[in-house]
Each structure stands twice: as C-alpha cells, then as structure tokens.
Number of protein chains: 2
Amino acid sequence: MEKAGISLSVDAVVFGYQPEQGLSILLIRRKYEPFKGGWALPGGFVLEGESLEEAVSRELKEETGVQLNYLEQLYTFGDPKRDPRRHIVSVAYFGLVRPDHFEIKADTDAEDSQWFQLDELPKLAFDHLKILEYARERLRAKISYEPIGFELLEPKFLFGDLENLYMSILGRSIDRRNFRKKMLAFGILDELDQKVKNGPGRPASLFQFNQEKYFQHQRDGFHFEI
Amino acid sequence: MEKAGISLSVDAVVFGYQPEQGLSILLIRRKYEPFKGGWALPGGFVLEGESLEEAVSRELKEETGVQLNYLEQLYTFGDPKRDPRRHIVSVAYFGLVRPDHFEIKADTDAEDSQWFQLDELPKLAFDHLKILEYARERLRAKISYEPIGFELLEPKFLFGDLENLYMSILGRSIDRRNFRKKMLAFGILDELDQKVKNGPGRPASLFQFNQEKYFQHQRDGFHFEI
DNA sequence: ACAAAAGTGTTGTAGATACACCCATGT
DNA sequence: ACATGGGTGTATCTACAACACTTTTGT
C-alpha cells in the first residue's frame, strides 16, 4: 500500500439470521497490527481499478468465503483519526446472507472468521462498533419499508420465522394476526402447497417471496410498509 | 496530487430555493481539463488529515463562497471509470442554503459559479448529472419524513412559501388545507404576531420553525411525516 | 365593487390496532 | 386427553383525502 496520501478501504457489516439463534453478524480476527488478534468487520483496501462493490465482494470471499444475498452501501467514514496508522477512509456496506450460505469456507484467509450473535459481541477494532450500530439502524429502518427481510431467510420459509425475524430486528413484539394480514395483502408472497411439521402443533405452510409480483406492484406505484 | 493510487474527492449538490424562482442548484465552471469550461458540481480532493465534511466546506468556500445551512452525506461513487484521468472515488454530499445566503462571494475561486434552476441545467461534467439526480431523489424522500424544508427558507417564512416549496420538491400539488392542518398539528411551528402584506390579498402570518419543540417531540417518539 | 391571496371545518373512508378462539398434529 | 404451535375474523378508532366558502386587503 502507499505510504502517504489517503487510503481507501471498504468494510462490510454482514447480517445472518437463523430461526433458533436470531440475528448474527460476521466478524474476522485480525492477523496484523493494529488490533492484532482483535475482532473486526471484514474488509480491506480498495485496489486501483476496481469498483467498491467488487472490493467488498473480493474481501468477503478472501476473508470469510460467505456468499452475499444482498449488498447495499451504508455510509462513508472519513474521520482522519479513525485509524491509528494514517488517514484511511472507509466505505461501509451492509449485506445479508441466507442461512443456507452460512458455512464459512476456510479457503484463503478464512481461518479466523466467525458468526456472532448480536448480544454476544466481542470488542471491535477501530470505529467498527459505530459502523455496526449504524448498520443495525439502517436494517431496522429498511426492513420496514422494503421487503429485504426475505433475503435473510431460506427461499421457502415459514410465516412464523418471518414474523420472528421482524420482531428481532425491530426489537418489539408484533401482533401475529395483523402482521400476517398486512404482509399477505401486499400480494408478494406465494403460499406453497407443502406443509412442514416439526414436533407437536399444526403443520405450517411454506411461503415464497415472489419478486416478479413485487416489481410489478412497485411499478404500479404501491408502497411496501410494515 | 499523487499520480498513482486511488484519489479521494468530495462533491456537493447544493440546493437553494427562492419563492419566485423555485429550486436551484449551485454549479461551478471548470478551469482545467478534463471538461475545461464545462459546468460541474463544486468539489475537489480531500486533503490528508481533514475530514470529509471539512473538505466539502473548504471547497465550497473556495469555489463559491456560499454558507451552508444543512449538510448531509449522500453516497459514495466509486466506479473506477467515472473520471477519465484515473481512479477517483468521490463522496457526494447534499446541502441546503437559505435565500439570504444566496450571494456568491467572488473571493477566491468564485469567479465562475452560478445558481441554475433545475429545469435549465447545462450539461454536466463527469457523472455529476447522476449524482444530482440521486440528490434530488434523496431530497424528495427526506423532506417527507424530516423537517428539513425549513432550511431552505428564511428563518421567518410564509406558510404559502412552505407549501410551494413542498410542491416543487415533491413535484405534485398538495391540498392547502390538509397541508396546513398536518404541519401545524406537529406543533413545531410558531406563528408570529407579524403579518406581511404584498400587493392585494389578505396579509399573511409569519411562521418560524421551533427546533426545541421538534427535538422534544422527537425524544417523545413522534414521527414527522408529510 | 372587484380581484387577489389567506385562512378555515366537515365528512367519508381506508387502514391500523386491539383482541380470543378454533384447528391440526405429536405424545 | 392434553400440550403445542398454526391459523383466522371482527369491532373500534384514527388518520388521511376530498372538498368550497369566508376574510382581509389593494385597486
């Protein structure tokens, strides 16, 4: 890397959700100073000639091997003192991963990356806690007015899981009946014929997000809002 | 500036509003290649050790002399081909200016900066049109759920002007009675005793945005939404 | 008196909230 | 039969949209 001038990096706040464990985020253990051995968001320097999204995907692949299902730019953190070494500006992204892509592939740099539940976070390097909080806030806001929740679930999911996902992201309880009514009224979910039984209790239907219908309704000027 | 590596710049989309002329934005004429003589957003390279906001303020002062009333980060544009010279990543900001700070001070670099009405825009350099459109969209969205409209008006303003401001930003007509009812119901505007007469017609009251009250209501968990 | 702009109130309607019981299965 | 989780309907309330006339001034 260059010695003088401003460097540009990207960092990714990657959320995953599992019905049993709730929301988690992906962290890596740093191999070098500063904060060697500490936990940090996956990320790294942007290479000359590559786009920001390419940099994020590349770093995520190198460091963790996870496959993103959704990626969106979050905010650019530019405080010249945010990195003790020198002036490094970081463009933060936030991403979502489906449970079936949770396995961390120990390919390249992946030897030490790990999912952490949000209530059991370790201390984070740099200003990464601030970035993480910013991302949580964005996720909360975004899930209420765009149907990105589905990107955190398997393609076929149970309504109850969707409901729990919303509750854990929004941090409040939701009336089951009203939620279902509202969500189904958008007409962007397909109910499948399959039923799932686990343990006692009535079997539940599987649902599927129908992106075509969503785009269609969007063109017709409707507005998703929970 | 350095010759290799990625450079970092900031660009600002600065909106101003005048009741008679509607929304305008601030552009500068480029002195150097590329796009020499063309119109562009004010901005420039970030200096080592300065924050992004400092860079924006500095460049705006150098190039146009206007005083911002509101500043917010917009998005970071990182396509390596967005600048024909080399890889330059730009953090775009959007800002709002009050009519009483409209005068462009011909101090330093200001010799060629100018307000343009949105329907009379010249061709813009680089990807600046894209950035501008992004900013317009953000302004539209933001003005509907945060009370930033006032930052575009004099501290004391007429209700009619506020109404026209909203209509020109949202690009649709608004029912005068409902708008007033809703806006006043938030309890964040103070009606002053002064009345203003211009020409024929009933004199209008002056209003003032009360930030204290807004912060108070915000803490109480209310939500501004037009 | 007339033209121009400011100010104001009511009613209907759609969407949100609150709320409790039945259904299908496993043990 | 009972425990467990899934599925559903209704009444009330609140917030928004639609809509037209009166008031105050200048000319």
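Just the heavy atoms: all of them, side chains too, but no hydrogens, waters or symmetry mates, feed the values below. Below, chains carry the letters A, B, ... as their sequence lines are ordered, and counting in each starts from 1.
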Taking distance alone, no hydrogens or angles, what donor-acceptor pairs closer than 3.5 Å link side-chain atoms of residues 117-125 of chain B to residues at least two apart or in another chain?
{"unit_1": "B/Q117", "atom_1": "NE2", "unit_2": "B/Q21", "atom_2": "O", "d": "3.0"}

Identify every side-chain donor-acceptor pair in residues 148-156 of chain B under 3.5 Å, counting partners at least two apart or on other chains, and give the distances.
{"unit_1": "B/E151", "atom_1": "OE1", "unit_2": "B/N69", "atom_2": "ND2", "d": "3.3"}

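Atom CG of A/L184 is separated from atom P of D/dG9 by 12 Å (rounded to the nearest Å). Whole-Å rounding puts the A/Q194 CD to C/dT25 C1' distance at 18 Å. If you take CD1 of B/I174 and P of D/dC16, they are 14 Å apart, rounded to a whole angstrom.
Scored by the side chain to side chain donor-acceptor pair (under 3.5 Å) test, B/R30 finds no partners at all (sequence neighbours excluded). Residues that satisfy the side-chain contact (heavy atoms from CB on, under 4.5 Å) test with A/S51, not counting sequence neighbours, are A/E53, A/E54, B/P80. Residues meeting the salt bridge (Lys or Arg N to Asp or Glu O under 4.0 Å) test with A/K195, sequence neighbours left out: none. A/R176 pairs by the salt bridge (Lys or Arg N to Asp or Glu O under 4.0 Å) definition with nothing, not counting sequence neighbours. Not counting sequence neighbours, A/R202 has no partner by the salt bridge (Lys or Arg N to Asp or Glu O under 4.0 Å) test. Residues forming a side-chain contact (heavy atoms from CB on, under 4.5 Å) with B/F215 (at least two apart in sequence, or on another chain): B/Q211, B/Q218, B/R219.
In this structure, B/S205 does not reach the C/dA6 phosphate: none of its side-chain N or O atoms is under 4.0 Å from OP1 or OP2. Listed pair B/R176 / C/dA6 fails the phosphate criterion, with no side-chain N or O lying under 4.0 Å from OP1 or OP2.
A distance below 6.0 Å separates the ring centres of A/F186 and A/F222. A distance of 6.0 Å or more separates the ring centres of A/F15 and A/Y17. Annotation: A/Y166 is in aromatic contact with A/F179 [ring centroid separation under 6.0 Å].
For B/K130, the NZ atom sits in a loose shell: 12 or fewer heavy atoms of surrounding residues, nucleotides or ligands are nearer than 6.0 Å.
For the contact set between residues 146-173 of chain A and DNA chain D, defined by any heavy atom under 4.0 Å, there are no members. Taking a 4.0 Å limit (strictly below) on heavy-atom distances, residues 218-226 of chain A does not reach DNA chain C anywhere.
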What N/O pairs connect the protein and nucleotides 9-15 of chain C at under 3.5 Å? Give each pair on its own line.
{"unit_1": "C/dT10", "atom_1": "O4", "unit_2": "B/K181", "atom_2": "NZ", "d": "3.0"}

So which protein N/O to nucleotides 24-27 of chain D N/O distances come out below 3.5 Å?
{"unit_1": "D/dT24", "atom_1": "O2", "unit_2": "B/R202", "atom_2": "N", "d": "3.1"}
{"unit_1": "D/dT25", "atom_1": "O2", "unit_2": "B/G201", "atom_2": "N", "d": "3.1"}

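For the 3.5 Å distance criterion, the side chains of B/E72 and B/Y70 qualify, holding a donor opposite an acceptor.
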